[in-house]
Amino acid sequence: MYLAPNYSTQPQAPTPERLAAGERVAQRLKTEVRGNIFTDPLMTYAWSGDASSYRLIPAVVVFVNSEDDVRAVYKAARAEGLPVTFRAAGTSLSGQAITDGVLAVLGDGWRKLSIHPGAEKITLGPAVIVAEANKALKPYNKKIGPDPASQATAKIGGVVSNNSSGMCCGVAQNTYYTMDRLRIVLTDGTMLDSGDAESCAAFRTTHASMLEKIHQLHHVVMEDPKLVALIREKYRIKNTVGYSLNALVDYHDPLDILIHLMVGSEGTLGFVSEVTYNTVPEHPYKSTGMIPFPDAQSAGRAIIEMANGGVQLTVGVNAAEYIERRALATVEHVPAMASILPWLTEHSPAVLIDVTAPDEATLIAEVQKTEELLARHGATHLNFSTDEHLSHAFWDIRKGFFTTAGATRPQGTTLMTEDIAAPIEKLADFVTDVRAMLDEHGYEDAIIFGHALAGNLHFLMGDDFAKPGAAEKFDLFNQALSDLVSVRYNGSLKAEHGTGRAIAPFVEIAWGKKAYGLMEEIKAIFDPETILNPGVILNADPKAHVRHLKLMPQADGLVDMCIECGFCEPACPSHHMTLTPRQRIAVTRERARMRASGEDPARLEKFEADFQYAGLDTCAACNLCALRCPVGIETGTMVMGERARRRGDTGHSIAKLVAGNLATIETGMRIGLAVADGARTIIPGGAVEALTDTARKLTGNRIPRVSRALHHGTGTPKARDNRQDPRTTGFPVPITQPAREKIVYFPACPSRMFGAPKTDEVFLSTQDAMVVLLERAGYEVIIPEKLTGQCCGQPFQSKGFPEEAKRVGGALNDELSRLSHGGALNVVTDASTCAKHLKEFPGEAAVADSAQYLLSHVLPRLTITQRLPVVAVHHNCSAQRLAEQPATEAVAQACSEKLAVLSSITCCGYAGDKGLFIPELNEHATRRVKNDVPANCTVGVSTVSTCASGLSERAGVPFVGLASLLEWATR
């Protein structure tokens, strides 16, 4: 590989000395913190990247869950001479969430969320996801000010540390201006709570010298009118370059200055353990338009007028996203774009605009006023609409540019993003000059978009840093960008993504020598040992922005388009247990690179061995990651392919044997569960579980775990005698009876094997309930003969045996086709996993899932006779991928007064039989589920029997099938 002097693109493993220091830190922390600690090559590499174009491999990864954990990490790192970097969601775009020292990852202990009376304030822990906070505030028509495009993934700790803003936030509603209180832990272990009088008083005594130094900096600034003017001008627009020097102008009390210097400090001054925000209005009335213009200049002039001189509005236009024509070209295939395509010329940009108001009349007036403004500036198509679905579709397009652009880049290239701003009155010229500069430096494929009301532009570009000259090209571009933005436009090189490593070498150019000197003094006051995130914000290396650049070698066509943004991670059940989809992909790429290069065979062998459990065994293959990924990457499908490639001849022979003896295995499973159920009537349930757990340990976890939540099924259900079959009636001809609509019902194998839990309501098993419901609704139910052992093939597909899946599933499809007369009759099954698999590998008969069929065909024919007060609802992974959440909730709502939809989990991690063989995945995925179940809730529902079993054990209430609930409610 070619590497020019002063450039570095391949992340190096930590030196032996640093690895040894990492091991010593791990030993020191083993008894001090309760979170996971990793020092092995696979897991440290997995945590080596954030959403930026940089990579550093940490010496040790430790999960922290309390302020005491933070203090312990400080102490251990200091003793071993390693730096510390704190990491929230890792959606950082400037390289500020990575390190080659100690990476301290926020665990579950930081998930506090408390809404104050009237929802005027909200207190949040740093591990709360932004969207979770806003969801909690929505009933009050409130939200927090910062609204980054990554808010479905980004966490509060990162939002505070980067002073993140977003599409509607502007300048006035970021953390710096909407923060009411901050709680921090400094490098000496001291906790300061700015909202607690005693804490502040004690700090003034113990840290008088520190406060005095800050006070002196304040006077230095205030005695220099030119510096004051520079600072005020810099923060008139979005600006996250360097430290928040505006704190030295806006406040006089050194404690207030200290607290506000923490905002945007990117983990270089201390740790943020809690924040209280003043909430902002989220007006319920909104109209959205995607407005095309003939050229960039006309769009820019319209935005300048809408920007109201840079003053943020909450009524009227509160968001205007500029999207250049080249960016629009990447999303022309999206259905929502169809309505504006006729109005786009070769050079037409569009502006995505939100107009909001507290009531309908005000909204109508504000939209009219906005349309008049846009028409004056040449807008070619005014299309404002209050249709929420259309609005969401347009905003999904805008929020997804980072990843959609990444998906369309040449494979093997790294996606880079820059985030700049200029005074709003210069926006029209700024857009034109930025486009010209990108083209001049060879980034013609780059696309531009951004939060135009704040003069904030983003642009995305890609390059392959393994190629000669790529790093040099990027370096020259950054120097030109610095000159254009900082010198010619007096703008911001980083408007909202934080300085990180990407802009650190250009901070002094942006601010000047005196202001930069103040920043160096601030760092020395807070972190005299330079233990916190060195190289971020301040960096003496003029080439820091082109060191440790990510390589993206091609590894698997299913995932090569991934840009490692991390949007997928909150959906993954193994997130924070082993690996996430982003990490599985990153590790897969590194394995592919090492195989191609031939370097370090021992390291590669270790990667391959450890990937079995962390990458393959603990992946639920639920593919919920694809729903979070804007380009739909299915990491689970990649994992299933890897499983298939790792299966040897012995594995395939066993799979073939199992496929040929499914009836015997199913019967044996039911008998085994029946024996366990019987044993619990004699032996305490805990003892039975202890015995099976011991047996599992002795056999290397090769036998399944049997929990008290598992109950044996009743096998093949019996449909009511329809008196049509001479073999059962004894009559030579069918007995005449009123004609009933026929339906084919396939009871899935999990429903046959696992029975309903014992409850006061006496629910039928899923399959028995389905038969009763269908007959109660007037159907004649047809059930496959010799049902035991019939399977859709999904378990074989998931385990990496696609040939056996095709053979087993094909046999079932043939049977369903025969029974349905080639698809003439409706066919329904009772497990979402089976329904999804049968849709993906269809036969002649289309198979409906129970949730949708019960809602549309059965419930309208029945009468609800009784309801439960509250029902907990879990949308399993297949149900989510089938988009049947509304159907499930509608049926459950008909059977209850109130629903409690589980929000702390996505996939429950039971994943077919993983709950039996890898129960720790189910335990981890559902670790917070009890928080979702109200005290008066006695029952939950799921549309997969195995998921219901895992939830019954973890949630504290029994979970039954949706059909079981509906049957009870319509008795």
Participant: Counting N and O atoms only, with roles assigned by atom type, does the side chain of S385 sit under 3.5 Å from a partner on the main chain of D387, one being a donor and the other an acceptor?
Facilitator: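 Checked: pair present.
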Participant: Is there any ring pair (Phe, Tyr, Trp, His ring centres under 6.0 Å) pair reaching into residues 428-449, and which pairs are they, with sequence neighbours excluded?
Facilitator: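 Checked against ring pair (Phe, Tyr, Trp, His ring centres under 6.0 Å) - neighbours excluded - the pairs reaching residues 428-449 are F401-F449, F430-Y489, H441-F477, Y443-F477, F449-H458.
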Participant: Can we say E324 and R435 salt-bridge, meaning some charged N sits less than 4.0 Å from an Asp/Glu carboxylate O?
Facilitator: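 Yes.
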Participant: Any idea which heavy atoms bring P358 and T362 closest together, and the distance?
Facilitator: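 Distance-wise, the nearest heavy atoms are CD-CG2, 4.3 Å.
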Participant: Any salt bridge linking D849 with K836? Criterion: basic side-chain nitrogen under 4.0 Å from a carboxylate oxygen.
Facilitator: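 Not counted as a salt bridge, because no side-chain N and carboxylate O are separated by less than 4.0 Å.
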Participant: Looking at R881 and E634, does any basic side-chain N land under 4.0 Å from a carboxylate oxygen?
Facilitator: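 The answer is yes: the pair qualifies as a salt bridge.
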Participant: For Q96 and N162, does a side-chain donor sit closer than 3.5 Å to a side-chain acceptor?
Facilitator: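 N162 and Q96 do have a side-chain donor-acceptor pair below 3.5 Å.
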Participant: If a pair satisfies salt bridge (Lys or Arg N to Asp or Glu O under 4.0 Å) and one of its residues is in residues 275-288, list it, with sequence neighbours excluded.
Facilitator: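 For residues 275-288: K143-E282, K286-D354.
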Participant: Are any of the side-chain heavy atoms of L460 and M416 separated by less than 4.5 Å?
Facilitator: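 When only atoms from C-beta onward are counted, M416 and L460 do not touch, as no gap falls below 4.5 Å.
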Participant: Please report the closest heavy-atom contact between C169 and G145, naming both atoms and the distance.
Facilitator: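 Heavy-atom minimum between the residues: CB-O, 3.6 Å.
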Participant: Yes or no on side chain to side chain donor-acceptor pair (under 3.5 Å) for E889 and H875, after CA distance, side-chain angles and deciding distance?
Facilitator: CA-CA 9 Å; E889 290 183 24; H875 297 302; 2.8 Å; yes
Participant: Using only atom types and a distance under 3.5 Å, with no angle test, would you say the side chain of T279 pairs donor to acceptor with the backbone of K142?
Facilitator: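 Side chain of T279 to backbone of K142, a donor-acceptor pair under 3.5 Å: no, none is there.
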Participant: Minimum heavy-atom separation for V367 to S287, with atom names?
Facilitator: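 So the two residues come closest at CG2-CB, 3.7 Å.
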Participant: Under a 3.5 Å cutoff, is there a donor and acceptor pairing between the side chains of D50 and S52?
Facilitator: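 Yes, side-chain donor-acceptor contact under 3.5 Å.
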Participant: For K234 and N239, does a side-chain donor sit closer than 3.5 Å to a side-chain acceptor?
Facilitator: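 Side-chain D/A pair, K234 to N239: absent.
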Participant: Indicate whether any N or O donor in one side chain lies under 3.5 Å from an N or O acceptor in the other, for D463 and T413.
Facilitator: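 No - no donor-acceptor pair under 3.5 Å links their side chains.
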Participant: Under a 4.5 Å cut-off applied to non-hydrogen side-chain atoms, are Y277 and D180 in contact?
Facilitator: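 No; the side chains remain at least 4.5 Å from each other.
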Participant: Does either side chain, that of D429 or that of T432, offer a donor lying less than 3.5 Å from an acceptor on the other one?
Facilitator: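 Per modelled atom types, D429 and T432 side chains form no pair under 3.5 Å.
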Participant: Hey, does M561 have a side-chain heavy atom less than 4.5 Å from the side chain of I633?
Facilitator: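 Side-chain contact under 4.5 Å: yes.
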Participant: Can you tell me if S492 and K238 form a side-chain donor-acceptor pair at under 3.5 Å?
Facilitator: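 No, because no side-chain N or O of S492 sits under 3.5 Å from a partner of the opposite role on K238.
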Participant: Has S161 got a side-chain atom pairing as donor or acceptor with G157's backbone, closer than 3.5 angstrom?
Facilitator: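 Yes, because the side chain of S161 sits within donor-acceptor range (under 3.5 Å) of the backbone of G157.
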Participant: With a 4.5 Å heavy-atom cut-off, do I323 and V351 have their side chains touching?
Facilitator: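 No, too far: nothing below the 4.5 Å cut-off.
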Participant: On a heavy-atom basis, which atom in I156 and which in G125 lie closest, and how many Å separate them?
Facilitator: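 Closest approach of I156 to G125, heavy atoms only: CB-O, 3.6 Å.
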Participant: Any sub-3.5 Å donor-acceptor pair from E266's side-chain atoms to T499's backbone N or O?
Facilitator: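 Flag set: sc E266 to bb T499 pair under 3.5 Å.
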Participant: Salt-bridged, E372 to K369, with N to O below 4.0 Å?
Facilitator: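 No.
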Participant: Any salt bridge linking K135 with E132? Criterion: basic side-chain nitrogen under 4.0 Å from a carboxylate oxygen.
Facilitator: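 The answer is no: the pair does not qualify as a salt bridge.
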Participant: Checking the side chain of T356 only, and the main-chain atoms of V315 only, is there a donor and an acceptor separated by less than 3.5 Å?
Facilitator: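 Side chain of T356 to backbone of V315, a donor-acceptor pair under 3.5 Å: no, none is there.
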Participant: Under 3.5 Å, is there a donor-acceptor pair between the side chain of D419 and the main chain of K494?
Facilitator: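 Flag not set: sc D419 to bb K494 has no pair under 3.5 Å.
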Participant: Using side-chain hydrogen bond (donor to acceptor under 3.5 Å, both in side chains) as the criterion, point out the one residue from Q297, E305, R301 that pairs with H377.
Facilitator: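 Only match with H377 under side-chain hydrogen bond (donor to acceptor under 3.5 Å, both in side chains): E305.
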Participant: I'd like to know if the side chain of S164 and the backbone of V160 have a donor-acceptor N/O pair within less than 3.5 Å.
Facilitator: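 Checking the backbone N and O of V160 against the side chain of S164, no donor-acceptor pair under 3.5 Å is found.
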Participant: Does OH belonging to Y235 count more than 12 external heavy atoms closer than 6.0 Å?
Facilitator: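 For Y235, atom OH is crowded (more than 12 foreign heavy atoms under 6.0 Å).
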Participant: Would you say the side chains of N163 and T240 form a donor-acceptor pair under 3.5 Å?
Facilitator: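 Their side chains do not contain a donor-acceptor pair, so the 3.5 Å distance test is not met.
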Participant: Count the heavy atoms belonging to other residues, nucleotides or ligands that lie under 6.0 Å from CG of D445, then report whether that count exceeds 12.
Facilitator: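 Open.
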Participant: Over all heavy atoms of both residues, which pair between M167 and A149 is shortest? Give the atoms and the distance, please.
Facilitator: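 Nearest pair, atom of M167 first, then A149: CE-CA, 3.6 Å.
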Participant: For E884 and A851, indicate whether the former's side chain and the latter's backbone hold a donor-acceptor pair under 3.5 Å.
Facilitator: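 It does not hold such a pair.
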Participant: Under a 3.5 Å cutoff, is there a donor and acceptor pairing between the side chains of H116 and T123?
Facilitator: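 On atom types as modelled, these side chains qualify, holding a pair under 3.5 Å.
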Participant: Side chains of W343 and N383: closer than 4.5 Å at any heavy-atom pair?
Facilitator: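 Sidechains of N383 and W343: no contact.
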Participant: Hey, could you give me the CD/CG distance between E321 and L457, rounded to the nearest 0.5 Å?
Facilitator: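 So the CD of E321 and the CG of L457 are separated by 10.0 Å.
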Participant: With a 3.5 Å cut-off and no angle check, do the side chains of S348 and T345 form a donor-acceptor pair?
Facilitator: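 Checked: S348/T345 side chains pair up, N/O donor to acceptor below 3.5 Å.
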Participant: Run R326 and E444 through salt bridge (charged side-chain N to carboxylate O under 4.0 Å, His left out) and show every step you take.
Facilitator: CA-CA 10 Å; R326 295 189 208 187; E444 295 91 348; over 6 Å; no
Participant: A quick test of your reading: do over 12 heavy atoms of other residues, nucleotides or ligands sit less than 6.0 Å from CD of E360?
Facilitator: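 No, not enclosed.
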Participant: Is the closest side-chain heavy-atom distance between K112 and V128 below 4.5 Å?
Facilitator: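 Sidechains of V128 and K112: no contact.
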Participant: Can you confirm whether or not the ring centre of Y176 sits under 6.0 Å from the ring centre of H260?
Facilitator: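 Aromatic pair counts; centres sit under 6.0 Å.
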Participant: Any side-chain donor-acceptor pair under 3.5 Å between H451 and E496?
Facilitator: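 Short answer, yes.
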Participant: Only one of H575, R628, R582 forms a side-chain hydrogen bond (donor to acceptor under 3.5 Å, both in side chains) with E569, so which one is it?
Facilitator: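 Single pass found, and it is R582.
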Participant: Do the non-hydrogen side-chain atoms of I122 and T276 ever get within less than 4.5 Å of each other?
Facilitator: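 A side-chain contact under 4.5 Å is absent here.
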Participant: Does T288 offer a backbone N or O that forms a donor-acceptor pair with the side chain of S391 under 3.5 Å?
Facilitator: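 Not a single qualifying donor-acceptor pair exists.
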Participant: Considering all heavy atoms of both residues, which atom of F293 and which atom of I291 are nearest to each other, and what is their separation?
Facilitator: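 It is CD1-O, 3.5 Å.
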Participant: Given side chains that start at C-beta, do those of R488 and D433 come closer than 4.5 Å, heavy atoms only?
Facilitator: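 R488 reaches D433 side chain to side chain.
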Participant: Any donor and acceptor pair, going by atom type alone, linking the side chain of D439 with main-chain N or O of G442 inside 3.5 Å?
Facilitator: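 Between the backbone of G442 and the side chain of D439 there is no qualifying donor-acceptor contact (under 3.5 Å).
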